Trainee: 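Before I ask anything, let me first share the structure, which is written out below as structure tokens.
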Amino acid sequence: MIREARESDLVPLLELYLHLHESRVPEDSEHLRTVWQSILRDENHHLIVCEEDGKIVSSCVCVVILNLTRNVRPYALIENVVTHPDYRKRGLASQCLRCATEIAKRNDCYKIMLLTGAKDESTLDFYRKAGFNNGDKTAFVQWI
């Protein structure tokens, strides 16, 4: 089942992120809870999860960013695409990305951007098959 995250999803989501790039689940803190509540209340921040067997096994984030160009149309940014290794190759992340695309369309976004740190061709092919291309733009990242 694909849905947007709800309050009770915090810990399972943080555990899923261990399969993304995190090395540990962050310590429960007031800051963590404040950020979580802010994400849940933000109408432009969509944390999409795929639940199977009562467990969150895949997810992505879609943020709609308001914009003054392109006839004042927003754009969307997709981040944190992850699937638990035991559930990969089943189309679950593709379903999450389709949900993100629908959110972007509903919000009249003129484009969706997705960045990945992956270099392996199978991951890049996955994003291409999902409708993304890596020929239109050049991405630059500055880590802070």
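As the structure is a computational prediction, the values presented were derived from the model and not from experiment.
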Trainee: Enumerate the side chain to side chain donor-acceptor pair (under 3.5 Å) contacts for residues 39-48, please, sequence neighbours excluded, ordered by first and then second residue.
Mentor: Glu4-His46
Trainee: Kindly check if the number of other-residue, nucleotide or ligand heavy atoms within 6.0 Å of NE2 (His21) is above 12?
Mentor: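 Yes, NE2 of His21 has more than 12 neighbouring heavy atoms, counting only those of other groups under 6.0 Å.
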Trainee: Please tabulate, one pair per line, all N/O donor-acceptor pairs under 3.5 Å involving side-chain atoms of residues 92-105, not counting sequence neighbours.
Mentor:
| from | atom 1 | to | atom 2 | distance (Å) |
| --- | --- | --- | --- | --- |
| Thr101 | OG1 | Leu97 | O | 3.0 |

Trainee: Run the salt bridge (charged side-chain N to carboxylate O under 4.0 Å, His left out) test against Asp125 and tell me which residues pass, sequence neighbours left out.
Mentor: Arg128
Trainee: Hydrophobic clusters here meaning ILVMFWY residues chained together by side-chain heavy-atom distances under 4.5 Å, can you tell me if Val25 and Leu32 are in one?
Mentor: yes
Trainee: Would you give the length of the straight line joining atom CG of Leu77 to atom CG of Leu114, rounded to the nearest 0.5 angstrom?
Mentor: 8.0 Å
Trainee: Excluding sequence neighbours, so at least two apart, what forms side-chain hydrogen bond (donor to acceptor under 3.5 Å, both in side chains) with Glu79?
Mentor: none
Trainee: Considering residues at least two apart in sequence or located in another chain, which fulfil the side-chain hydrogen bond (donor to acceptor under 3.5 Å, both in side chains) criterion with Glu22?
Mentor: none
Trainee: Between Lys137 and Lys111, what is the shortest heavy-atom contact and its length?
Mentor: NZ-NZ, 3.6 Å
Trainee: Quick one: pull up OG1 in Thr34 and CD1 in Ile39 and give me the separation to the nearest 0.5 Å.
Mentor: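 Thr34 atom OG1 to Ile39 atom CD1 measures 11.0 Å (nearest 0.5 Å).
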Trainee: Enter the distance from Ile2:CD1 to Glu52:CD here, rounded to the nearest 0.5 Å.
Mentor: 8.5 Å
Trainee: Kindly write out the residues that satisfy side-chain contact (heavy atoms from CB on, under 4.5 Å) with Glu7, not counting sequence neighbours, or none if the list is empty.
Mentor: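 Applying side-chain contact (heavy atoms from CB on, under 4.5 Å) to Glu7 gives Trp36, Gln37, Leu40.
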Trainee: Hey, can you pull the donor-acceptor pairs under 3.5 Å for the side chains in residues 53-68, sequence neighbours left out?
Mentor:
| from | atom 1 | to | atom 2 | distance (Å) |
| --- | --- | --- | --- | --- |
| Asp53 | OD2 | Tyr87 | OH | 3.3 |
| Ser58 | OG | Val82 | O | 3.1 |
| Ser58 | OG | Thr83 | OG1 | 2.8 |
| Ser59 | OG | Ile48 | O | 2.7 |
| Asn67 | OD1 | Thr69 | N | 3.4 |
| Asn67 | OD1 | Thr69 | OG1 | 3.3 |
| Asn67 | ND2 | Thr69 | O | 3.1 |
| Asn67 | ND2 | Thr69 | OG1 | 2.9 |
| Asn67 | ND2 | Arg73 | O | 3.0 |

Trainee: Hydrophobic clustering (ILVMFWY, side-chain heavy atoms < 4.5 Å, transitive) - are Tyr75 and Val141 grouped together?
Mentor: yes
Trainee: What residue pairs, at least two apart or across chains, pass ring-ring contact (aromatic ring centres under 6.0 Å, His included) with a residue in residues 91-144?
Mentor: none
Trainee: Taking salt bridge (charged side-chain N to carboxylate O under 4.0 Å, His left out) as the definition, give me every residue that meets it alongside Arg33, ordered by chain and number, with sequence neighbours left out.
Mentor: Asp28
Trainee: Once side-chain hydrogen bond (donor to acceptor under 3.5 Å, both in side chains) is applied, do any residues pair with Asn133, and if so which ones, sequence neighbours excluded?
Mentor: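 Checked Asn133 against side-chain hydrogen bond (donor to acceptor under 3.5 Å, both in side chains); matches are Asp136.
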Trainee: Should Leu20 and Ile78 be regarded as members of a common hydrophobic cluster, given that ILVMFWY residues are connected when their side-chain heavy atoms come within less than 4.5 Å of each other, either directly or indirectly?
Mentor: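 As far as the 4.5 Å side-chain criterion goes, Ile78 and Leu20 are not connected within one cluster.
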Trainee: Check side-chain hydrogen bond (donor to acceptor under 3.5 Å, both in side chains) between Ser122 and all other residues, then give those that pass, not counting sequence neighbours.
Mentor: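 Applying side-chain hydrogen bond (donor to acceptor under 3.5 Å, both in side chains) to Ser122 gives Asp120.
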Trainee: Would you be so kind as to tabulate the donor-acceptor pairs closer than 3.5 Å made by side chains of residues 8-16, with sequence neighbours excluded?
Mentor:
| from | atom 1 | to | atom 2 | distance (Å) |
| --- | --- | --- | --- | --- |
| Asp9 | OD1 | Arg3 | NH2 | 3.1 |
| Asp9 | OD2 | Arg3 | NH1 | 2.6 |
| Asp9 | OD2 | Arg3 | NH2 | 3.3 |
| Asp9 | OD2 | Arg6 | N | 2.8 |

Trainee: Same cluster for Leu47 and Met113 if Ile/Leu/Val/Met/Phe/Trp/Tyr side chains link at under 4.5 Å?
Mentor: yes
